[in-house]
Student: 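Here it is, the structure in full.
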Amino acid sequence: MTSTSPAPVLSRLGDGATVELIGVVKEYPGAGTRALDELSLSIAPGEFIALLGPSGCGKTTALRALAGLEQINAGSIRIDGVDVASTPVNKRDIGMVFQAYSLFPHMTVLQNVEFGLQMRRVSAADRAVRAREALEMVGLDHLAERYAHQMSGGQQQRVALARALVTRPRVLLLDEPLSALDAKVRVSLREEIRRIQTELGITTVFVTHDQEEALAVADRVAVMRAGEIEQIGTPEALYLTPRTPFVADFVGVSNRMQGTLRSGTITVRGASLPSIDPTLPDGEVLAYVRPEDMVFVPLDQAAPADITGTVASTSFLGSLRRTTVRLDDDTIVSVQHGVEQQFLFGDAVALRLTGRPVASSPVAA
Amino acid sequence: MSAVPLTSTAVEPTTVPSPSPRRGRTPRVGAEPSKAARLIILIAVGLVFLVPLGAMFEFTLRTSGKPGVYSFAHYASIFHTDPALGISYEPLFEGIRNSLLICLLTVAIILLILLPTMLLVELRYPRVRRVLEFVCILPITVPSIVLVVGFVPVYQRVAAVFGSQPWTLAFAVGIIVLPYAYRPIATNIAAFDLVTLTEAARSLGASWPVAIYRVILPNMRRGVISAVFLTVAVVLGEYTIAAFLSQNTFQTALLLISQTDSYVATIFALAALVFAFVILLIIGRFGAASPGSRRRRPRRVQP
């Protein structure tokens, strides 16, 4: 036996691959609509992309197509410039963590992690070292001899992550890996995922329907709808400048308030708000105003442009408070504010819009 | 850059239920019976099986014309037939050989046709699962005699191709055993996430055959073994088809022998019953023991 142990190998995974989906079409027989409708997406090496959207929007199909678990009808999928659309999943060199617990029940944790290395004919000694190292990375090397049924869901997903990463794949695919976990474990595991991803520099695609999760971990978020990307951008860009009402509605909370659009400015109850979408024709619109873009003003200092109403409910959310106000025309709006401001049911209040640009949609005639 | 151990993240502990399930003496609905109750049930059920078996065994030890005298003479006579009496047990041994051959072929049909078909349907064509289930369960609803009437013209063709060989019964028996083989395999498939495990294995670089062999089949051990043993039990008990298609199998030979020597027929019937009993014990043994599940008890774990 040699006395020198092999050097750490996982940390050498700093060179992620470029991933491109170009005009990808996926149709399920008899479905009537396309699951992926000419989807195009370009992911930079080492980038962490989240595919976000409601159920049935095509995000999981896109991930499975990238993995090779779904055959596409048209378009191309390129990893480092090479079209892999016809490459079987076991030859694509990807690592994947599934929504359902996917550890092999008849194998120990260590055997699970070694499986991918065995498939790549790595020597037994090297396998053991690398598997231990991967388990160490997710903080579970002490559970190497356990079986899946002897572990919690969070631990199983950590092992699944180690198993996906130990082969040094070119791309890491995460298919809602946190959705079966409880809230606290979900938050801690998503932070781990992001930390490990940053550490390894591996190109990562993360599918989720949880907008908070997507915004928290991704470099860029692609909001999907009906098989297409509605908008892609940094979490900040998506939140602050949603290009469509769907994105404004899906990412974060928005109050829908009726107003009039003229020359790029929406007038809502006397307040002027810049419109994000310059292409929208003038007329009656619904403006999507964020809860933090409205502030309470003392009633005696209220200006004519301020909006008045009465408090309908209020919720304490830890670091902030969210109060629901019924406006004079019975519109319900949600306002986010500091915890020091407290209101009682039925309190008369005045609100002022901060004037940040808002998304809007035409009101149907 | 080195991999950083995530020491700051707490690993949520696996929790085991508190060890005080009994607070009062009121029995819960669905509660596990006490040790004494289990023993009584086991003895009662055991007697139901053992009394007839014991009676059969007692019968085989009797000596003709000498009430109260017991010996193993009938057992010895199986292997040392007296040519002067003109009794030969060769048809019985031939029947056993034929039945074992049919067993082998029927098990091959189950393992090489039914099992791959069920895996294929589950993995690639889940929409036809109901159709497959219907087809596999159907033979149990059709009386054997009706099946045989249908088989007769088919077997005229089979005999024309293969000759009138006993092993060709495996085709017919393969249909009869479908419900018995299908159900344990289907139950096993439903008990774990076959699709996700296969996809996980494939994403880790396993080819289809490797994914099936290394990941799927080890998790289907219980279902497959149950299916195989039930198949063997059904084949060894099958009489109608063999009799109507004029083939010599264990059951037809047993009937034949019973007309000349009821003691030897009972010996073989007893042996067949014990064999089936052993098979069921083996199924239970294999089914209970899966890797990592020794002394397996349900643990409540946090998600």
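All chains are named by letter (A, B, ...) in the order of the sequence lines, taking the proteins before the strands, and each is independently numbered beginning at 1.
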Student: Side chain from CB out, backbone as N, CA, C, O: work out which of these in A/A67 comes under 4.5 Å of a heavy atom of chain B, or both, or neither.
Tutor: neither
Student: Backbone N or O of A/G46 within a donor-acceptor pair of the A/Q197 side chain at under 3.5 Å?
Tutor: yes
Student: Pick whichever of B/D193, B/N219, B/V210 has the most heavy-atom pairs under 4.5 Å with chain A.
Tutor: B/N219
Student: Looking at side-chain heavy atoms only, is the closest gap between B/T231 and B/V234 below 4.5 Å?
Tutor: no
Student: Between A/L69, A/N90, A/L103, which has the largest tally of heavy atom pairs under 4.5 Å with chain B?
Tutor: A/N90
Student: Between A/R168 and A/E133, does any NZ, NE, NH1 or NH2 come within less than 4.0 Å of an OD or OE carboxylate oxygen?
Tutor: no
Student: With only heavy atoms counted, which part of A/Q99 is less than 4.5 Å from chain B, the side chain, the backbone, both or neither?
Tutor: neither
Student: Here's one to test your reading of the geometry: is the NZ or CZ of A/R163 within 45 degrees of the ring axis of A/F104 and under 6.0 Å from its centre?
Tutor: yes
Student: Most heavy-atom pairs under 4.5 angstrom with chain B, which of A/R64, A/E191, A/Q157?
Tutor: A/R64
Student: By a 4.5 Å heavy-atom criterion (distance strictly below it), what part of A/I94 contacts chain B: side chain, backbone, both, or neither?
Tutor: both
Student: Please state whether the side chain, the backbone, both or neither of A/L117 comes within less than 4.5 Å of a heavy atom of chain B.
Tutor: neither
Student: Taking side chain as everything from C-beta outward and backbone as N, CA, C, O, which of these in B/A201 sits under 4.5 Å from a heavy atom of chain A? Side chain, backbone, both or neither.
Tutor: both
Student: Measuring only between side-chain heavy atoms, which start at C-beta, is A/L41 closer than 4.5 Å to A/L51?
Tutor: yes
Student: Are the side chain of A/D141 and the backbone of A/E136 linked by a donor-acceptor contact shorter than 3.5 Å?
Tutor: no
Student: Any idea which of A/M96, A/K91, A/Q118, A/R92 has the most non-hydrogen atom pairs under 4.5 angstrom with chain B?
Tutor: A/Q118
Student: Might you confirm whether atom OH of A/Y28 has over 12 heavy atoms from other residues, nucleotides or ligands at distances under 6.0 Å?
Tutor: yes
